[in-house]
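Report on the following structure.
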Amino acid sequence: MADSGTQYDVIVVGAGVMGSSTAYHLAKTGNKVLILEQFDFLHHRGSSHGESRTIRATYPEDYYHSLVMESYELWRTAEAEIGYRVYFPAEQLDIGHSDDKSLAAAVDTCKKHSIPHLVLDREQLAEKYYGRVEIPADWVAVWSKYGGVIKPTKAVSMFQTLAFKNGADLKDNAEVVEIKRDGSSGGVVVSIANGERFRGKKCVVTVGAWARKLVKSVGGIELPIQPLEATVSYWRIKEGAEGEYAIGGDFPTFASYGDTYIYGTPSLEFPGLIKVAVHGGHRCDPDKRSWGSGGELPITALKEWIEGRFGGRVDSSEPVSTQLCMYSMTPDEDFVIDFLGGEFGKDVVIGGGFSGHGFKMSPAIGRILADLALKGVAEGMELKYFRIARFEGNPKGNVKDFADQVRLH
């Protein structure tokens, strides 16, 4: 087997947004970094591609607050370093039945952390958005100033470019097949499918939907991370109303709580189309995907929602376009950010299970994963909700007072 001959401070396995952000934080602080990606860089086989992701601070789980707020600042910092935009500000609107526990918990988060927000009834919402968003009489809306849209493929490219500019080595089409203890240096040896080996003091594993497979083969741990194939759908705004739903005005990113959690963004990537999608998908093997044929999009629920929410300004007959991506789901929909442990101790760090909502927090998560690799602690962040050990006493993980958000279909 060929040895690269280079001793890295940290080897990052997986070049999606989490791995690329981690490499960026490591490289900008002067560390010798290698990032390995099993496919081409910026591929469309995982979770870190496409045209838009939302960012919001209105989380039912208040322990995400610091991650989101730090990420807002770090998105702007990285943009200033690269010289172009990946984050586009917008307001955020959360809607749902007045007794929905998740929505109530999101309001509690706003109050606890002094997030500027308004709770609106049906008439107040109609007045605020001039009839562009409608809700039933027994629903409420929560407006917040902290929303926005992130361009995912562009963001991943940004982090990779900044990591490279700061001295990181990047290698794609390099599938990691083994991570072992380095008997000579005490660090780790990472081997890829073509026989090459790379040595590092530490290793960070951020392989998305492949986390369960790789972590089991490396450390013998069965992480409860289930890949889902998700479908994102775009709908045509009726003629004359296109500007009313476009980014850059006052139309918000949005989330609708209920039996079917529906979310979306203002029109941005495709002129005249608005993104309205179900937060969920169907179980899949990331290496044997159906590519859209394994699970039917809950089209009836989407049509009914669009008909009832947009005042007839959006064509609900059928989506104009759909795109596929993957979620890496944990049972509690919370992340896994921890050390692999065992023979590796704190020398191998795991970041995974981002459950279809982690992208927005990738700048802060990359900083935390870098801290764990370099220092053994995550400065300024409580990680008890993200530890692997939370599943030992309860296979469902963190206990919550409200329903799961992700739908299986």
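From a predicted model like this one, the values you see are computed outputs, not experimental measurements.
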Looking only at side-chain N and O atoms, does His282 offer a donor or acceptor that is under 3.5 Å from a partner on Ser290?
yes
Quick one: salt bridge (charged side-chain N to carboxylate O under 4.0 Å, His left out) pairs with a partner in residues 234-244, sequence neighbours left out?
Glu244-Arg313
For Ser71, the side chain to side chain donor-acceptor pair (under 3.5 Å) test, sequence neighbours excluded, returns none
Sorted by chain and residue number, the salt bridge (charged side-chain N to carboxylate O under 4.0 Å, His left out) partners of Asp108 (sequence neighbours excluded) come out as none
For Tyr257, enumerate each residue passing the side chain to side chain donor-acceptor pair (under 3.5 Å) test, keeping only those at least two apart in sequence or located in another chain.
none
Assess the residue pair Ile306 and Ile262 against the criterion (side-chain contact (heavy atoms from CB on, under 4.5 Å)); give the C-alpha distance rounded to whole Å, side-chain angles, the decisive distance to 0.1 Å, and a yes or no.
CA-CA 10 Å; Ile306 291 170; Ile262 293 173; over 6 Å; no
Check ion pair Lys111-Asp62 (N to O, under 4.0 angstrom)
no
Do the charged groups of Arg181 and Glu343 touch, with an N to O distance under 4.0 Å?
no
Give, for atom CE of Met18 and atom OG of Ser48, the distance between the pair rounded to the nearest 0.5 Å.
7.0 Å
Leu340 vs Phe344 side-chain heavy atoms within contact, under 4.5 Å
yes
Atom OG1 in Thr153, atom CD in Glu51: separation rounded to 0.5 Å?
6.0 Å
For Arg53, all residues meeting salt bridge (charged side-chain N to carboxylate O under 4.0 Å, His left out), sequence neighbours excluded
none
Can you tell me how far apart CE (Met69) and CG (Leu74) are? Round to the nearest 0.5 Å.
11.5 Å
Is it the case that the side chains of Ser52 and Lys275 hold a donor-acceptor pair, with the cut-off being a distance below 3.5 Å and no angle test?
yes
Restricting to salt bridge (charged side-chain N to carboxylate O under 4.0 Å, His left out), what partner residues turn up for Lys202, sequence neighbours left out?
Asp347
Counting C-beta onward and ignoring hydrogens, is there a side-chain heavy-atom pair between Val189 and Ile179 closer than 4.5 Å?
no
Using modelled atom types and a 3.5 Å cut-off, is there a donor and acceptor pairing between side-chain atoms of Arg289 and backbone atoms of Trp291?
no
Could you tell me if the side chain of Leu42 sits less than 4.5 Å from the side chain of Asp40, heavy atoms only?
no
Cationic N near anionic O, under 4.0 Å, Glu134 to Arg309
no
Hits for side chain to side chain donor-acceptor pair (under 3.5 Å) against Glu307, two or more places apart or cross-chain, chain-then-number order -> Ser316
What pairs with Ser114 under side chain to side chain donor-acceptor pair (under 3.5 Å), at least two apart in sequence or on another chain?
none
Validation row: Cys284, Met326 side chains within 4.5 angstrom (heavy atoms)
yes
Using modelled atom types and a 3.5 Å cut-off, is there a donor and acceptor pairing between side-chain atoms of Thr322 and backbone atoms of Ser233?
no
Tell me which donor-acceptor pairs under 3.5 Å the side chains of residues 372-393 have, and how far apart each pair is, sequence neighbours excluded?
from   : atom 1 : to     : atom 2 : distance (Å)
Lys375 : NZ     : Glu379 : OE2    : 3.1
Glu382 : OE2    : Lys384 : N      : 2.9
Arg387 : NH1    : Asp338 : OD1    : 2.9
Arg390 : NE     : Asp332 : OD2    : 2.7
Arg390 : NE     : Tyr385 : O      : 3.4
Arg390 : NH1    : Phe335 : O      : 2.9
Arg390 : NH1    : Tyr385 : O      : 3.3
Arg390 : NH1    : Phe386 : O      : 3.4
Arg390 : NH1    : Arg387 : O      : 3.2
Arg390 : NH2    : Asp332 : OD1    : 3.1
Arg390 : NH2    : Asp334 : O      : 3.1
Arg390 : NH2    : Phe335 : O      : 3.0

If you round to the nearest 0.5 Å, how far is OG1 of Thr330 from CG of Leu223?
10.5 Å
Give me each pair satisfying salt bridge (charged side-chain N to carboxylate O under 4.0 Å, His left out) with a member in residues 163-177, each pair once, sequence neighbours excluded.
Lys32-Asp169, Lys171-Glu196
Heavy-atom closest contact (Ala246 atom, Phe251 atom, distance):
O-CB, 4.4 Å
Specify whether His65 and His113 have parallel, tilted or perpendicular ring planes, treating 30° as the upper limit for parallel and 60° as the lower limit for perpendicular.
parallel
Between the main-chain N or O of Val17 and the side-chain N or O of Ser20, is there a donor-acceptor pair closer than 3.5 Å?
no
Can you confirm whether Tyr84 is buried at OH, in the sense that more than 12 heavy atoms of other residues, nucleotides or ligands lie under 6.0 Å from that atom?
yes
Between His357 and the options Tyr261, Tyr327, Tyr59, the ring-ring contact (aromatic ring centres under 6.0 Å, His included) test singles out Tyr59
Results of salt bridge (charged side-chain N to carboxylate O under 4.0 Å, His left out) for Arg132 - residues two or more places apart only
Asp250
Pair listing, ring pair (Phe, Tyr, Trp, His ring centres under 6.0 Å) test, anchored in residues 182-202, at least two apart:
none
Under 3.5 Å, is there a donor-acceptor pair between the side chain of Ser328 and the main chain of Ala209?
yes
Between Asn31 and Val33 (side chain of the first, backbone of the second, donor and acceptor by atom type, cut-off under 3.5 Å), is there such a pair?
no
At their closest point, which heavy atom of Ala155 faces which heavy atom of Ile150, and how far apart are they?
CB-CG2, 4.2 Å
So Gln323 and Tyr234, do their side chains get closer than 4.5 Å, heavy atoms only?
yes
Hey, does Trp75 have a side-chain heavy atom less than 4.5 Å from the side chain of Ile55?
yes
At what distance, to the nearest 0.5 angstrom, does CZ of Phe310 lie from CG of Asp315?
12.5 Å
Say you draw a straight line from OG1 of Thr161 to CG of Leu170; how long is it, rounded to the nearest 0.5 Å?
8.5 Å
Option among Val232, Val276, Val278 that satisfies the side-chain contact (heavy atoms from CB on, under 4.5 Å) test with Tyr263:
Val232
For Tyr146 and Tyr72, take the angle between the two ring planes, folded into 0 to 90°, and tell me which bin it lands in: parallel under 30, tilted 30 to 60, perpendicular over 60.
tilted
Does Lys201, at its NZ atom, have more than 12 non-hydrogen atoms belonging to other residues, nucleotides or ligands within less than 6.0 Å?
no
Distance-only donor-acceptor check, side chains Ser256 and Trp305, under 3.5 Å:
yes
With a 4.0 Å cut-off, would you call Arg76 and Glu79 a salt bridge?
no
Give a yes-or-no answer on whether the side chains of Glu37 and His43 include a donor-acceptor pair shorter than 3.5 Å.
yes
If you measure from the Lys or Arg side-chain nitrogens to the Asp or Glu carboxylate oxygens, is any gap between Glu81 and Lys28 under 4.0 Å?
yes
Give a yes or no answer on whether the side chain of Thr253 reaches the backbone of Glu91 with a donor-acceptor pair at less than 3.5 Å.
yes
What I'd like to find out is whether the side chain of Phe254 reaches to under 4.5 Å of the side chain of Val133, using heavy atoms alone.
no
Do Lys213 and Asp287 meet the salt-bridge criterion of a basic N to acidic O distance under 4.0 Å?
yes
